[in-house]
**Q** 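Here you go, one structure.
All values reported here derive from a predicted model rather than from experimental measurement. Each ligand, and each atom within it, is numbered from 1 in the order the structure gives.
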Amino acid sequence: MAKMHVKMTVNGREVEALAEPRTLLIHFLREELALTGAHIGCDTGHCGACTVDLDGKSVKSCTMFVAQATDTSITTIEGIAEADGTLHALQEAFREHHGLQCGYCTPGMITRAYRLLQENPNPSETEVRYGISGNLCRCTGYQNIVKAVRAAAEQLAAPKEAAE
Ligand code: FES
Ligand code: FES
């Protein structure tokens with residue numbers, strides 16, 4: 001199959017490649033860019049393990065072709081921490097509140113929560129539950145994920161409140 005030229009920004013880095021039109025974004029990220037944090041948990045668009053942040057939206061990268069991602073800016077779980085290795089508040093909170101067990105849903109869950117907290121910086125428990133309802137977890141029962149997301153929201157709001 002003829003390959004297409006694709007280019008995009010991934011975790012702040014310009015990426016250019018040739019890819020078949022049928023290549024799913026999740027496969028491109030994992031197989032071409034070796035960003036293997038995003039996972040594949042289903043083939044029906046349900047699980048959200050493949051979630052990445054694309055131009056300010058949470059996107060299930062198994063339901064997009066890489067060709068559709070041309071000229072976009074993507075953040076994956078590998079791009080969430082600071083360049084100096086400092087964890088993002090969400091990563092820290094997932095650890096602190098035991099929001100993960102096997103870790104397979106976690107990259108998608110955190111990437112989704114990252115966008116959720118920009119959509120709604122102070123979500124209620126119900127809003128978190130709805131907000132992550134596109135992300136399935138088979139280990140945690142969600143309770144600690146909700147705690148972690150709300151703790152991260154508090155953490156992210158803290159410096160602003162202190163400055164006020
Ligand atoms: S792999 Fe399950 S929604 Fe993408
Ligand atoms: S931690 Fe195992 S699926 Fe969520």
**Q** Is it the case that Glu78 and Asn11 place a side-chain donor and acceptor less than 3.5 Å from each other?
**A** no

**Q** Is a side-chain donor or acceptor of Glu92 paired with a backbone partner of Ala89 at a separation under 3.5 angstrom?
**A**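 Such a contact is absent between Glu92 side chain and Ala89 backbone.
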
**Q** Which protein N, O or S atoms lie under 2.8 Å from atom 4 (Fe) of ligand 2?
**A**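 Within the sphere that stays under 2.8 Å of atom 4 (Fe) of ligand 2, the protein atoms of type N, O or S are Cys105 SG, Cys137 SG.
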
**Q** Would you mind running through ligand 1 and noting each atom that sits below 4.0 Å from a heavy atom of Gly41?
**A** 1 (S)

**Q** At a 4.0 Å threshold, what atoms of ligand 1 neighbour a non-hydrogen atom of Gly45?
**A**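 That gives atoms 3 (S) of ligand 1.
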
**Q** Calculate, to the nearest 0.5 Å, the distance between atoms NZ and CG belonging to Lys7 and Asp71 respectively.
**A** 4.0 Å

**Q** Does either side chain, that of Glu14 or that of Thr9, offer a donor lying less than 3.5 Å from an acceptor on the other one?
**A**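 Side chains of Glu14 and Thr9: pair found under 3.5 Å.
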
**Q** Identify, for atom 3 (S) of ligand 1, the protein heavy atom at the shortest distance, and state residue, atom and that distance.
**A**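 That would be Gly48 N, 3.2 Å.
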
**Q** Distance check below 2.8 Å: does Cys42 bring an N, O or S atom to atom 2 (Fe) of ligand 1?
**A** yes

**Q** For the residue pair His88 and Tyr114, categorise the inter-ring angle as parallel (less than 30°), tilted (30 to 60°) or perpendicular (more than 60°).
**A**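 The rings of His88 and Tyr114 stand perpendicular, inter-plane angle above 60°.
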
**Q** Answer yes or no for Cys47: is there an N/O/S atom below the 2.8 Å cut-off from atom 2 (Fe) of ligand 1?
**A**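 Cys47 does place an N, O or S atom closer than 2.8 Å to atom 2 (Fe) of ligand 1.
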
**Q** May I ask you to check whether Arg150 and Gln155 show a side-chain donor-acceptor distance below 3.5 Å?
**A** no

**Q** Between the side chains of Arg112 and Glu119, is the shortest nitrogen-to-carboxylate-oxygen separation below 4.0 Å, so that they form an ion pair?
**A** yes

**Q** Using 0.5 Å steps for rounding, measure from the CG atom of Leu29 to the CG atom of Leu35.
**A** 6.0 Å

